[in-house]
Amino acid sequence: MNRALQHYSEKLDKLTEKSKALKREINFLSLTRLIIFLGAAAVSFLAYKNGKYLYLTVVVMLFLALFIYAAYRHSRVIDENLYNESLIYVIKKGIKRAEGSFKDFSETGSEFIDKKHPYSYDLDIFGEASLYQMINSAVTCMGREKLAEELQRKVIFTREQIVKRQKAVNELAGKADFREELEALGVMNKGEMSQPDALLNWSLKREKLFSSKAFKALIYSLNLITVTVLVLMAFKVVDYKVLLLSTLFNASVLLFGKGRREEALEVINIYKSNINTYFKMLEILEQQNFESEHLRNLQNKLKKDDRSAAFQLKKFAKIVNSLKDTKNAYYLLFNVLFLTDYHMLFSLEVWKELYGKGISSWLEVLGEIEALNSLANIYYVHEDWCLPRIVEYNIIEGEEIGHPLIGEEVVRNDFALKHPKSLVLVTGSNMSGKSTFLRTVGINLLLSYLGSAVSAKSFTCGIMDIYTCMRVNDDLKENISSFYAELLRIKEIIAVSKSGKPLFFLMDEIFKGTNSKDRHKGAEVLINQLTRENTIGMVSTHDLELTALEKENSKVVNYHFREYYEDNKLKFDYKLRKGFSTTQNALYLMRMVGIDEV
């Protein structure tokens, strides 16, 4: 059993036992609250019936205190159990990831699928059975989007940045408890996590009315009038009509700012639970002692004027949590009497003025940590994977390279694509593993650029743009055939190669939409064009005549996969070999599925 499975199994046992204990306590406290209530009712009735009013008052106060304590404890234990159940969910997910059962995860990243992206659609980065589905542990919108952006390489990291990220991923891989706790806090509120755009817009928007000294003075003056009227009523100096008049004036003031007040409070009500979750997640993030430079830099972004993000968000959460009772009748009464809506808005405006600009950077840091945690998860689960060596020249070289998504059945291969060779032609019969190996190299290369571990014993690569031409489909909406779509993608790849930027490309069965003569000639021309400076890549093909290019072009090298027969059954070993394939299996496969030769 590897370190991850052992950790998860032991922790799951402890959490399961804790869950049982917490549920027993919840049931006990529920019963206790009922007993206190019934006891208070019975004793109060007897005291009242016997005229023991002082005794009645003492008993009611005692039972009320006991009931409040029991209710408070009950609420705390329920929250603790919810967190414990969330941790159990995270641990079970970790076990599935370690066992290769990630296809059960609901988060597939299908919303990020882009068939026109340079490589993500061809390499199974998003969607069912994808890299995103396997590694993602982000629960906030920012974390999921940040991970998707990195997987799409919307920001290209330098070698120095990649090395720093590798150290961060390595450190986070060793902090399993931290990663699990951070994810569990998000899981507790996962169903209500929203895109933070409206919150960010609100945090930067200043409401002059609620910041106005004159308006504040008006509200405080009306509060003073209400208190004065209530005191005078108590001493019977004035009657209820004066309070009614004061209340009507307060109501008109509430009506005056109703639109802006409700707009501001609506945003806060929507994000109420999110804000509490952000606070808790940032709090445990700030409490971590990190050694890697990249993680320390992210932590430092959470401080402003020596105040931590958690401290600032805690103040915000306190104001926000006071809004939870705004819909009940008691609050409405207090609102009309003391204009409490405005007092909350005054507090929110003060908070925005002091700390509002920080929310965007705090959430960005949280998203980056979640994305790094996702990468650290797979390094923790796959302790036999390696952190690659990043160099400044075009090369891909590795020992025992495997496809990250295949699991225990993966077949590993040694591979090298380096000077003076720049283009690999991969031949082999149907189902022999050509396309899978192209994706194997592409996905591991992508993981290398994110600072992640890769599925290999050793891996070395340069930093290059990744372009693929593998799954090309027609587009009925744009009236584009699959062959023309393939030409457009190839044109894009050629344009990048001509720009002189370092390029790595993958092409699977190019020009399959045309006749064999045109396919061969077109492929030959294309391959010769793509063996220019600063460009390396791999092309799979069934066209064995193309293998002659190895003799004609010094930059081309042949590799192949082959099949074998055992007990009259077709089998594959999926091992990559030097040279070109000399076997075919199309007729055998046709017979195997029931298609007879004529």
Centroid separation under 6.0 Å, is that true for the rings of Y220 and H343?
yes

Students often mix this up, so state it plainly: with edges at 30° and 60°, are the rings of F126 and Y132 parallel, tilted or perpendicular?
tilted

Using the ring-ring contact (aromatic ring centres under 6.0 Å, His included) criterion, which residues pair with F178? Sequence neighbours excluded.
F290

Do R153 and L446 come close enough that some side-chain heavy atom pair is under 4.5 Å?
yes

Between E349 and K216, does any side-chain N to carboxylate O distance fall below 4.0 Å?
no

Side chain to side chain donor-acceptor pair (under 3.5 Å) between N269 and K272, intermediate numbers included:
CA-CA 5 Å; N269 275 310; K272 191 158 47 181; 3.3 Å; yes

Counting only heavy atoms not in K314 (residues, nucleotides, ligands), do more than 12 fall under 6.0 Å from its NZ?
no

Output, in order, the C-alpha distance, side-chain angles, deciding distance and verdict of side chain to side chain donor-acceptor pair (under 3.5 Å) for N136 and R144.
CA-CA 7 Å; N136 175 53; R144 293 194 296 271; over 6 Å; no

How are the rings of H382 and W385 set relative to one another: parallel (under 30°), tilted (30 to 60°) or perpendicular (over 60°)?
parallel

Pair F311 + W351: ring centers closer than 6.0 Å:
no

Hey, are the side chains of F334 and L337 touching, using non-hydrogen atoms and a 4.5 Å cut-off?
no

Output yes when E207 and R261 qualify as a salt bridge under the 4.0 Å nitrogen-oxygen rule, no when they do not.
no

Does R307 have more than 12 heavy atoms from other residues, nucleotides or ligands lying within 6.0 Å of its CZ?
no

Applying salt bridge (charged side-chain N to carboxylate O under 4.0 Å, His left out) to R159 and not counting sequence neighbours gives none

Please say whether more than 12 non-hydrogen atoms of neighbouring residues, nucleotides or ligands are located less than 6.0 Å from CG in N300.
yes

Please assess E353 against S211 for the test side chain to side chain donor-acceptor pair (under 3.5 Å), listing each intermediate value before the final yes or no.
CA-CA 9 Å; E353 184 67 34; S211 302; 5.8 Å; no

For the rings on H74 and Y72, is their centre-to-centre separation under 6.0 Å?
no

One thing to verify: whether E17 and K20 come together as a salt bridge, which I'm taking to mean a side-chain N less than 4.0 angstrom from a carboxylate O.
yes

Taking the six-membered ring of F105 (Phe, Tyr or Trp), confirm whether the NZ or CZ of K93 is under 6.0 Å from its centre and within 45° of its axis.
yes

Examine distances only and state if a side-chain atom of S361 and a backbone atom of G358 form a donor-acceptor pair shorter than 3.5 Å.
yes

